[in-house]
Each structure stands twice: as C-alpha cells, then as structure tokens.
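Fair warning: this is a prediction, and the values are worked out from it, not measured in the lab. No hydrogens, no waters, no symmetry mates; every other heavy atom, side chains included, goes into these values. So you know, we letter chains A, B, ... as the sequences are listed, proteins then strands, and number each from 1.
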Amino acid sequence: MAYNPYYAPQNYQQQMYQPQQAFPQPTQQIQDGGFITVPSEEVIPTYPVGLGKCVTFKIEGKPIVIEKIRGFSQFDAPIFKRYRLVEEEIEEVKEATPDTIALDTIKGEIKAIWNEIATLKEPRKPMPKKKEVVADESEQSH
Amino acid sequence: MNPSSLINMYQQLKANPMQMLSQRFNLPQNLNNPNDIIQHLLDTNQISQEQLNNAMNMRNNPMVQQLMNRK
C-alpha cells in the first residue's frame, strides 16, 4: 500500500471541540458563628468575626439581640442587624395526673352505661306471632 | 526538646513575648492590637469562631476574672 501523506478522512477522527466545563461555583453561604452574651453594645463593633460568619450577640439585661455578619472578602464591611425580643405568655400545659386519669376512665364507663340504657329503652320490635295449633277434632272426640 | 531549649524559649518569651507569638503564629510585624491579632488568626483559620467565642465567654466567669486580676 502506497504511503499516503494525507490523512484519510475515514481514519482521521476529528476531535470535537469540547469547551471546558465550568463547574458551578459553590454558593457561599453565611455560616452561623455562635451565640454570645456581652455586657454592652460597645463591644460588638470591635468583636472579631471570621470571614463568612454571623455571630449573634445578646446584650445583658436588655431584650436586644444584634447580629454581626461578615462577608467573604476582607474588604467587606460587617453588617449589623438589631432585633428586639418580645416576651410571649406561655400557656401552661396541664399534665395528666393519676386523679385525672381515673376520672377520665370513670367518665368513659358512665358514658358506656348510658349508651347501653339508651339501647334498652328503644322500642322493641314485635315478636313474630307463633302459629296457633288448632286442636284436631278427632283428638277432641277421644 | 531538651531542658536547655525550653529554658531558652522561656527566656525569649519573657523578654519579648510579642516576638515569640509573631513567630509562633506567623503574625505580621505591624499587628499590635489584640483584636487585630485575633482577627488575623481567624482569617488564617488558625483559630475557629467557636474557640474565640468560648474564650470570650470565659472572660465573664468570675473565677477567670479573679485570675486575670492577679498580678
């Protein structure tokens, strides 16, 4: 077979251009940096917070919570969010005591008895009449 | 580590503690403020936010305050 300096089209596998897949950058999310109690708000601006972290501060003696959020760049200024706590009345949940449990069972039994009485009071369906036996005249003659 | 090296380290620490800390934690020379030093340690992941919070909470402990006030 003669040497063919030219590539045969069928032997030449043209590599398709495959653009380099750009892997999606992982979405950076601010991570929780913990909860700390501080004596006053003055400490918070100078409190060190790591990159991409959110530290929550509770002011002692005050219903105030402040979040300090730091971005992912050293040049990002921290963001502060201030919240005020509102007290809610918590309804006391009555726990079942042994007396209440016994009372509940008794109530259930009484209810069952009343239901049974109600069924007894219902008008009974008439019983089917028995067939009257007619005396045979032949027997009577004896 | 032999005792003489330990003694040498202790003497260096006592003479110039900031220099020892800078060498140990690879701190820039211009850092003098404690908050700046802690921030640098945070940014370089040498300490975690949780460790820092725990240390700060310890400062509120009366026993720790008593120890800190001792000279």
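- Applying the 6.0 Å contact sphere to OH of B:Y10 captures no more than 12 heavy atoms from other residues, nucleotides or ligands.
- Residues A:Y47 and A:I59 fall within the same hydrophobic cluster, defined by Ile, Leu, Val, Met, Phe, Trp and Tyr side chains chained together at heavy-atom separations under 4.5 Å.
- Placement of A:V55 and A:I64 within a single hydrophobic cluster is found when ILVMFWY residues are connected by side-chain heavy-atom separations under 4.5 Å, directly or transitively.
- The side chain to side chain donor-acceptor pair (under 3.5 Å) analysis of residues 54-69 of chain A, with sequence neighbours excluded, yields the pairs A:E67-A:Y83.
- Atoms CD and CG, from B:E50 and A:D32 in turn, are 10.0 Å apart once rounded to the nearest 0.5 Å.
- With chain A as the partner, the residue from B:N45, B:N33, B:L52, B:N54 showing the most heavy-atom pairs under 4.5 Å is B:L52.
- A:L103 and A:I110 are members of different hydrophobic clusters when ILVMFWY side chains are connected at heavy-atom separations under 4.5 Å.
- Heavy atoms closer than 4.5 Å to chain B are found in the side chain of A:Q74, but not in its backbone.
- By the 6.0 Å contact criterion, CD on A:E41 is enclosed, its count of non-hydrogen atoms from other residues, nucleotides or ligands being greater than 12.
- Using a 4.5 Å cut-off between heavy atoms, A:V49 touches chain B through backbone and side chain atoms alike.
- The cluster map of Ile, Leu, Val, Met, Phe, Trp and Tyr, joined by side-chain heavy atoms under 4.5 Å apart, puts A:I44 and B:M56 in the same cluster.
- The hydrophobic clustering, which links ILVMFWY residues whose side-chain heavy atoms are closer than 4.5 Å, places A:I69 and A:V65 apart.
- Residue B:M58 places its CE atom among 12 or fewer non-hydrogen atoms of other residues, nucleotides or ligands, all under 6.0 Å distant.
- B:N53 places no side-chain N or O within donor-acceptor distance of the main-chain N or O of A:F35, the cut-off being under 3.5 Å.
- Nearest heavy atom pair, residue B:Q49 against residue A:G50, reads OE1-N, 2.7 Å.
- At a heavy-atom cut-off of under 4.5 Å, chain A is reached by B:N35, B:I38, B:Q39, B:L42, B:D43 from residues 35-44 of chain B, listed in order of number.
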